[in-house]
Amino acid sequence: MSSPRLPKRPHDPDLTVAGEEFFFPDVRTTVNLFAIHTRSVGRDWNYPPHEHPQYEINIVLAGEQVMVVDGHSFIQRQGDLMLLRPGMVHSSRSSGQGFTYFCMHFDIDDKLFLSLLSRLEQVLFPADGAVAKQMGPALSKLLDLSALEDMGISGDSVAKRMRIQSAVFELFATLWEAVSSEAAHLPGRGYVQAELAHQIASRLQGRVNQPYRQAGSAEKQDGIEGISSELGISVSHCNRVFRSVFGVSPRVYLSELVLHEAKLLLADPQWSVQQIAELLGYGDIAHFSRQFKRWSGQSPTSYRKSVAPESSSE
């Protein structure tokens, strides 16, 4: 008996109608932001030596400050940008006149981005340099958010927090573009390996997102052979590089992606377990159920009852 026609998902257009389609990459980045502020200080202001576990972006908006980083003194003038890595001991003071600065602390779990930042030896990027100039518009957008208080949008509102996150991601995008060219000449295999690992991860995500995949595709050896061939590397090198960056094998990473997708589908009552198994590329529902229970400790039906009791009937 033929399988029932599956209802269309928002990102799964009817392939008999669609001439082409485009999948945006999944975004699984977590960013934490701390102590984002601007401050104007007087001529006698100083901040004692300290360090913190986050990255720091510090920009002088007006005037001039003296920043001492790991024993090296820098004069930071208007528009100059400081990028401090975690653990750097730094202090700051006025240089005989008051000044205004912007400061933001952050951590991010994007390993490729972190690998790039960790390779930078430069901490001061002058206002007339490429990095500071390129980041200028994105920084101005973030600074403009201070005016939201005058528009009646409170500092702790959801709207303002979302706008801050949007502006910060735009700032990171320009920082990536600007710093990539600065770091291109720096030695080190870490960045190259991280970039390759992210290419592998992107292709694994594509395997999971591919609509109406062939039966049994999720049961094959993770598509690693195909991905290795696409990238022109051996399977062993593919596994080794991926594990060095993500800490798990491509097989485990793919299992986590499939489990995440399965949970999303099980939370939607329009999909039967049989249909979900087919969408995820399993040849039969029994195999999918065994795999899901091995990953999550629950059967698909039990998980569905726990998240959507009213839709538990099949």
Side-chain angles (χ1 to χ4, degrees), residues 1-18 21-28 197-231 234-236 238-243 245-314:
M1 183 176 64
S2 61
S3 299
R5 179 175 175 82
L6 301 178
K8 291 185 292 184
R9 299 173 65 188
H11 61 284
D12 287 346
D14 189 331
L15 299 185
T16 64
V17 177
E21 58 186 343
F22 174 76
F23 283 90
F24 288 87
D26 287 355
V27 178
R28 301 177 184 274
H198 276 254
Q199 291 180 30
I200 297 168
S202 178
R203 283 166 167 77
L204 288 171
Q205 291 170 359
R207 273 20 178 208
V208 175
N209 291 337
Q210 184 180 7
Y212 299 94
R213 49 190 66 77
Q214 296 178 347
S217 63
E219 304 168 29
K220 296 178 183 177
Q221 194 175 347
D222 315 335
I224 298 303
E225 292 90 345
I227 291 173
S228 300
S229 178
E230 292 169 8
L231 296 174
S234 68
V235 173
S236 60
C238 180
N239 281 287
R240 184 168 56 253
V241 168
F242 192 90
R243 185 184 288 275
V245 173
F246 287 93
V248 297
S249 68
R251 179 188 181 88
V252 171
Y253 185 83
L254 180 66
S255 297
E256 292 173 351
L257 293 176
V258 175
L259 175 61
H260 177 74
E261 182 74 2
K263 286 182 174 180
L264 291 178
L265 292 168
L266 287 167
D268 188 339
Q270 74 166 312
W271 299 99
S272 70
V273 176
Q274 175 68 47
Q275 290 171 331
I276 292 170
E278 292 177 6
L279 275 175
L280 294 177
Y282 286 90
D284 60 77
I285 188 174
H287 190 188
F288 167 66
S289 297
R290 286 195 301 271
Q291 287 287 80
F292 187 88
K293 188 170 184 178
R294 183 168 65 86
W295 291 332
S296 67
Q298 294 178 281
S299 69
T301 302
S302 297
Y303 177 80
R304 170 164 279 179
K305 288 179 180 179
S306 70
V307 298
E310 71 283 357
S311 63
S312 60
S313 60
E314 290 295 338

NZ/Lys263 to CD1/Ile276 distance, rounded to the nearest 0.5 angstrom? 13.0 Å

Any side-chain heavy-atom pair of Leu204 and Pro250 under 4.5 Å: yes

Pairwise distance CZ(Arg304) to OG(Ser272) - rounded to 0.5 angstrom: 7.5 Å

Any donor-acceptor pair under 3.5 Å from Ser255 side chain to Arg251 backbone: yes

Are Arg203 and Leu231 side-chain neighbours, meaning at least one heavy-atom pair lies under 4.5 Å? yes

What orientation do Phe288 and Tyr282 show, parallel under 30°, tilted 30 to 60°, or perpendicular over 60°? tilted

Within the 4.5 Å heavy-atom criterion, are Phe292 and Leu266 side-chain neighbours or not? yes

Quick one, Leu280 with Glu261, criterion side chain to side chain contact (heavy atoms under 4.5 Å, CB included). Give me CA distance, side-chain angles, the key distance, then yes/no. CA-CA 8 Å; Leu280 294 177; Glu261 182 74 2; 3.7 Å; yes

Donor-acceptor pair, distance only, cut-off 3.5 Å: does the side chain of Ser306 make one with the backbone of Tyr303? yes

CG/Asn239 to OG/Ser249 distance, rounded to the nearest 0.5 angstrom? 6.5 Å

What's the shortest heavy-atom distance between Ser228 and Cys238, and which atoms? OG-CB, 3.3 Å

Are any non-hydrogen side-chain atoms of Gln205 and Leu257 less than 4.5 angstrom apart? yes

Who pairs with Ile285 by side-chain contact (heavy atoms from CB on, under 4.5 Å), at least two apart in sequence or on another chain? Val273, Gln274, Ser289

From Gln199 CD over to Glu230 CD, what is the distance, rounded to the nearest 0.5 angstrom? 10.5 Å

Side chains of Leu264 and Trp271 in contact at under 4.5 Å (non-hydrogen atoms): no

For Ser299, enumerate each residue passing the side-chain contact (heavy atoms from CB on, under 4.5 Å) test, keeping only those at least two apart in sequence or located in another chain. Thr301, Ser302

Which heavy atom of Ala201 sits nearest a heavy atom of Tyr253, and at what distance? CB-OH, 3.8 Å

With a 4.5 Å limit on heavy-atom distance, are the side chains of Glu256 and Trp295 in contact? no

